[in-house]
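Hydrogens, waters and symmetry mates are skipped; everything else that's a heavy atom, side chains included, is used. Order of appearance sets the numbers: ligands from 1, and atoms from 1 within every ligand.
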Amino acid sequence: MAFSLANSTLFSKPSIFLHRRSLAFCLHFSSISTALPSDKVHSPRKWRHPVAASLVELGGVKIAREEIVKDDPTNNVPDSIFSKLGMQLHRRGQHPLGILKNAIFDYFDTNYPNKFNKFDDLCPIVSVKVNFDDVLVPADHVSRSYNDTYYVDSQTVLRCHTSAHQAELLREGHTHFLVTGDVYRRDSIDSTHYPVFHQMEGVRVFTPADWEGSDTDATSYAAEDLKKCLEGLARHLFGGVEMRWIDTYFPFTNPSFELEIFFQEKWLEVLGCGVMEQEILKRSGRTDNVAWAFGLGLERLAMVLFDIPDIRLFWTTDERFTSQFSKGQLGVKFKPFSKYPPCYKDMSFWISDSFTENNLCEVVRGIAGDLVEEVKLIDNFTNKKGMTSHCYRIAYRSMERSLTDEEINDLQWKVREQVESKLKVVLR
Ligand code: DAH
């Protein structure tokens, strides 16, 4: 377990890593502008992924599909992911993610007027260096693997966390900032995991003048300030809840903590944070400073604040969902419009050495899109010859309509075909 709060346990599987040529096209910043060009998104009711547009504008730069989705062993970005680039749900004032982002901004604006610079339009295509190296993620860390991260080429990824922007913003001279953005992770499929989700990163830098007057050392001073700030934020979002701090590990902070709140009868992990590793500050030319940093997952918090039961709903354009939220209204409870029946299909196969669940999920999502609700391992055994069999149960369910037997069978048939051809497994 390492740094994976928001959506998924990115960092728990063996590492596969490929090396090849590099590409750098969207590695500069554009700063925040609050207006979104349009609140419209693509094709609401289709069950298939819409054919991806061939151009997307990211942080003011136009990028062609061919630069992101390539038939090349160093590239593992499918069309279904390309079609999410540039959607920027966090910049829609009436979307639960935009409402939550603005509520967090309100907290910082009230408590630290004109202090924090906000960035929410930084390009999600970043170098391996900023995503991993600059925040001290070890060279053999599982999060770098091809199985867990989307690589555009061997030196370029779709950011897997907003921490990717820490070091560059520090180098540019920013000392108080919040970065909100879409992040990308290959993962399993269930109601809380989606390969694209949204995070907010916060950083505050202190100078010796800040802590010298206090009785504490620089690190304790920053840690105390961090905890006070984030407890205030949790109260702002959740009201008077019970909280607790858990010691943990992140490569980029020391000490590192997680904040949990007692909400709806359960302890809920809210965010990860800590005192920034001195090495990050040093490399950014800030040897004499200390800083704190935090990262939180917007979907995770929005799901509890708005009672949203399935992470796929954030992507729907069904008015029965979108019309329930309005600007500035944090915590309005979502009323499910209808629950359509699920349909379960089981599939058993002998796995190969290279088989991973993330690869299976990508195949299923590539075919069924948002009609797949869950992919779950329900049986697993190894025979005397050493062959391992897995049985997966796939739950298909639309959030918008009933599915017909015919279309499910069609989907399942395609899934079986592609699982066999792409994953080199033997169906049983
Ligand atoms: N980057 C971490 C993740 O994706 C979250 C995080 C934890 C960010 C601690 C931070 C931090 O800035 O200090 O799970």
Side-chain angles (χ1 to χ4, degrees), residues 1-13 90 104 108 116-119 122 124 126 128 130-138 141-145 148-150 157-170 174-187 192-206 219 222-227 229-231 233-234 245-260 268-281 284 289-301:
M1 157 63 205
F3 58 106
S4 68
L5 294 158
N7 185 51
S8 51
T9 40
L10 166 60
F11 311 100
S12 57
K13 292 167 198 143
H90 61 286
I104 301 174
F108 280 92
F116 280 80
N117 292 326
K118 305 181 192 90
F119 300 87
L122 302 182
V126 300
V128 165
V130 301
N131 196 73
F132 295 122
D133 304 342
D134 284 359
V135 282
L136 314 179
V137 176
H141 196 281
V142 66
S143 64
R144 292 182 182 246
S145 79
D148 289 30
T149 290
Y150 288 106
V157 295
L158 303 185
R159 68 182 162 214
C160 70
H161 55 172
T162 44
S163 308
H165 300 289
Q166 272 191 14
E168 262 183 310
L169 289 172
L170 285 171
H174 297 283
T175 57
H176 297 68
F177 55 87
L178 300 170
V179 180
T180 317
D182 36 332
V183 300
Y184 298 78
R185 295 183 189 176
R186 300 184 86 239
D187 214 328
T192 59
H193 292 86
Y194 200 80
V196 189
F197 61 103
H198 298 76
Q199 288 189 329
M200 187 187 291
E201 191 83 7
V203 170
R204 176 176 188 181
V205 179
F206 298 93
T219 304
E224 228 169 87
D225 187 86
L226 169 70
K227 288 183 172 176
C229 168
L230 294 176
E231 285 170 12
L233 174 62
W245 288 98
I246 312 283
D247 290 328
T248 187
Y249 163 81
F250 297 107
F252 18 84
T253 45
N254 187 12
S256 306
F257 315 103
E258 278 166 12
L259 175 60
E260 293 187 347
L268 171 80
E269 188 185 311
V270 175
L271 50 79
C273 63
V275 178
M276 188 178 286
E277 278 287 357
Q278 208 54 39
E279 182 64 21
I280 300 177
L281 285 163
S284 310
N289 298 162
V290 294
W292 55 239
F294 71 84
L296 56 82
L298 292 179
E299 274 83 349
R300 185 188 180 82
L301 300 188

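Considering both main-chain and side-chain atoms, G202 never comes within under 3.5 Å of ligand 1 through any nitrogen or oxygen pair.
Heavy-atom contacts of Q199 reach the following atoms of ligand 1: 3 (C), 4 (O) (cutoff under 4.0 Å). Remark: ligand 1 atoms within the under-4.0 Å shell around heavy atoms of G272 are 7 (C), 9 (C), 11 (C). For ligand 1, the atoms lying closer than 4.0 Å to a non-hydrogen atom of G274 are 13 (O). Under a 4.0 Å criterion applied to the non-hydrogen atoms of C273, ligand 1 contributes the atoms 9 (C), 11 (C), 13 (O). For ligand 1, the atoms lying closer than 4.0 Å to a non-hydrogen atom of T253 are 13 (O).
Contacts of R185 with ligand 1, taken as heavy-atom pairs under 4.0 Å, involve the side chain alone. Here Q166 has side-chain heavy atoms under 4.0 Å from ligand 1, and that is the only part of it that gets that close.
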Applying ring-ring contact (aromatic ring centres under 6.0 Å, His included), run through H176 and F108 and close with a yes or a no. CA-CA 10 Å; H176 297 68; F108 280 92; over 10 Å; no
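Taking all heavy atoms of F252, W292, Y249 into account, the minimum distance to atom 11 (C) of ligand 1 is reached by F252. Across the listed options G295, A293, S143, G297, G295 owns the non-hydrogen atom lying nearest to atom 8 (C) of ligand 1.
Without hydrogens or angle criteria, E201 side chain to S163 main chain gives a donor-acceptor distance under 3.5 Å. Distance alone, capped at 3.5 Å, places no donor-acceptor pair between the R144 side chain and the T149 backbone. At distances below 3.5 Å, at least one donor-acceptor pair connects side-chain atoms of R185 with backbone N or O atoms of C160. Counting only distance, with no hydrogens or angles, the side chain of Q278 and the backbone of N289 share a donor-acceptor pair below 3.5 Å.
E260 pairs by the salt bridge (charged side-chain N to carboxylate O under 4.0 Å, His left out) definition with R244, not counting sequence neighbours.
Ring centroids of F177 and H165 are separated by 6.0 Å or more, keeping the two rings apart.
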